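Note that the structure is a prediction, hence the values are computed from the model and not measured. Just so you know, ligand 1 is whichever comes first in the structure, and atom 1 is the first atom listed for that ligand.
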Amino acid sequence: MNIVDVIRGKSLVEYIPELKLQSDGTYRCACPIHGGHNDTAFVVYPDNRYYCFGCHSSGDIIRYVMGRDGCSFETAIHTLCDDFGLTISDTDEYREHSSIVQRNDEWIGRMRKELPTVVDYLHKRGLTDETIEAYQLGYSDKLKALTIPMFDEWHRPVAFLYRFFEGKPKYKNSKNVKGLFTKGEFLFGLPQAQKNLKETRTLMLAEGAFDCMSAVQQGNCCVAYCGISITKSHVERIKGMLKTVENSKVVLCPDNDGKASKFVRRARDLFKNHAPKTVVKVAVIPDGYKDFNDMLIGGKDIAADCIYLPIDLYVVMEMIAEEEDREVQERNILDYVRTVGNPVVLQDIAELLARTWGKGIDVVKALLNLKDDTTEEKLKDIASATDSFRALESLRDEEYFGVGFPNIDKAAKFKRKNVVILGAASNSGKTENLLEWILYWTVKLRKTVLFFSLEMPKEDIMKILVAKIVQTRRYEVPEYIRQHPDTYGLIKDKLEQCLYIVDKPGLTLDGMEEYVNLMNTRVQGVDIVAVDYFQKMRGRDTIAAEELMAERTKDFAKKLNVLFVVLSQLSKAGQGKEQGGKWHEPEQKDLRGSGAIGDSGDYVFLLWRRALDSTLSPLDKEKYKYDSMIKLVKARERRSEDELFTLVYNPATSRLSEKVTEGM
Ligand SMILES: [Zn+2]
């Protein structure tokens with residue numbers, strides 16, 4: 001008998017009276033833990049676990065009470081016993097477990113006092129004092145071992161991992177305790193890692209505690225299994241954790257010791273059987289490093305410097321490397337590929353095999369029974385699955401995307417599902433302005449941006465972005481790259497993770513949607529989509545068609561759950577070239593064409609060069625030659641007055657910034 005199991009069996013839905021049944025089968029209410037006002041932020045799933053889209057806390061009924069009351073596991077158990085009228089019998093396992101946990105707690109305190117004995121060793125392995133503190137590492141003089149406490153999901157120290165400095169084996173766990181700690185089911189580092197999951201959407205699964213701590217120290221979400229392999233119970237825990245994070249994946253991180261293949265294949269079977277919808281990738285550690293801890297010591301960025309392969313592609317690559325007999329190899333691989341379900345991965349495998357076997361891609365596709373049209377259809381299936389998942393979780397994230405211009409950020413709060421229209425006169429620097437925002441979104445906010453550049457080719461965009469990052473003149477960029485290959489490599493790495501550019505001219509809205517869906521199945525989800533610019537899109541031949549398309553931009557942003565930023569041209573009248581040469585400040589009606597694009601925007605900005613103002617004196621025109629004016633004419637927040645902001649371009653650094661105070 002264990003009271004903990006009895007309590008975990010109690011229904012959260014019955015325990016929290018505010019919960020209301022939703023059409024998607026979940027129960028929701030405002031979050032009792034952080035106390036927000038969103039009536040659907042707090043969700044209870046059919047497996048009796050909760051998740052809050054506001055404060056991101058999650059867990060079972062015990063975690064819920066710990067969060068709600070800000071109390072310990074023990075107190076939560078007593079509260080729940082009172083609430084359900086339960087008593088803990090004298091023979092309950094819980095009492096024994098409690099005393100073990102209490103004893104472990106005392107040990108941790110004592111072992112941490114001995115920490116100075118091993119602190120140099122830990123620093124040498126790259127761990128910072130913050131990490132040592134977070135994992136409560138210590139030293140046992142009696143055992144002559146580094147002590148690594150193992151905390152369960154309720155933050156209880158249920159066991160220890162020892163790292164001995166003399167004799168073998170080097171690592172040893174404390175013994176299993178029935179109902180409290182089972183080595184083969186335990187995930188090390190869960191409480192410390194969980195905070196990074198929302199951000200990275202990636203759960204790394206490492207072999208050892210040091211790899212796990214190294215990855216978390218660099219801001220990743222990483223846990224470690226403690227046995228020789230992972231088990232069904234691990235897979236089910238992981239599935240549960242990832243359920244609440246959309247577009248999430250698990251990454252297996254085997255050591256670079258030649259033994260990875262067997263482990264990966266076993267893991268692949270487990271995931272296929274027990275969590276078939278979970279996206280599984282394998283991290284390939286760069287040559288010269290044996291594991292994550294080695295990478296940390298060597299100054300590598302674990303997230304950026306590994307290669308991440310879909311697990312099936314990884315297995316096929318291993319099969320190619322392992323079997324020299326071509327006939328056997330072909331047979332094995334064709335057998336294996338029959339069990340691969342993801343058409344995007346199948347496509348990648350087909351391309352790999354075509355290269356390896358020196359056959360045409362069509363021949364390989366025929367061998368694999370892979371037809372183009374079915375791939376296409378299946379791709380659409382994935383897209384719609386993504387859509388429904390997104391719809392289900394669409395209430396998450398009330399986050400705002402700033403643009404890095406302080407006053408504009410105060411006036412406009414861009415969110416997912418918003419459409420932002422930036423109307424501009426020609427030569428007013430609208431692409432410049434957009435790229436400045438994109439830089440902020442990708443480098444500062446680490447958002448994934450898909451940029452459709454229908455006018456400017458990719459390489460020109462990269463040149464501008466690099467110029468902005470290293471703050472040099474645009475034409476100096478090629479020389480800069482030659483002289484600073486390392487810095488350039490770093491910039492490339494960072495941008496490649498967040499920014500995707502499509503520079504095909506004449507795309508339609510549907511074409512763009514396909515790209516977003518494809519991206520969502522391949523890499524992490526797209527947060528922001530930008531188009532430069534509306535008049536270069538195809539499908540707006542008549543006024544009616546243009547109106548329809550403008551209207552559909554709203555659906556696009558909603559359906560794909562992205563912030564959608566559309567650049568648009570101003571008509572001649574908006575550029576001061578009509579009305580007998582008289583100049584007037586651009587207005588919303590100056591948006592070119594039917595103006596429908598302005599109606600569809602949640603935010604509408606107009607942009608022009610300050611020197612365009614014909615009332616300025618020649619001296620002022622010279623003075624303001626690098627200034628642009630940007631006017632917010634429509635905002636969701638329903639401001640009555642237009643707001644005007646001044647931007648200034650610095651050609652020496654290629655940066656466009658907001659003039660916060662007016663220069664005299
Ligand atoms: Zn909450």
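A salt bridge does not link Asp39 to Arg28: none of the charged nitrogens lies less than 4.0 Å from a carboxylate oxygen.
Below 30°, between 30° and 60°, or above 60°: for Tyr94 and Phe73 the angle between ring planes is between 30° and 60°, a tilted geometry.
Cation-pi geometry between Lys281 and Tyr308 is not satisfied (NZ or CZ under 6.0 Å from the ring centre, within 45° of the ring normal).
The angle that Cys52 SG and Cys55 SG make at the Zn ion (ligand 1), rounded to 10°, works out to 110°. Geometry note: the Zn ion (ligand 1) is the vertex, Cys31 SG and His34 ND1 are the arms, and the angle is 100° (rounded to 10 degrees).
Aromatic ring centres of Phe188 and Phe186: separated by at least 6.0 Å.
Under 2.8 Å from the Zn ion (ligand 1) lies no N/O/S atom of His56, from backbone or side chain alike.
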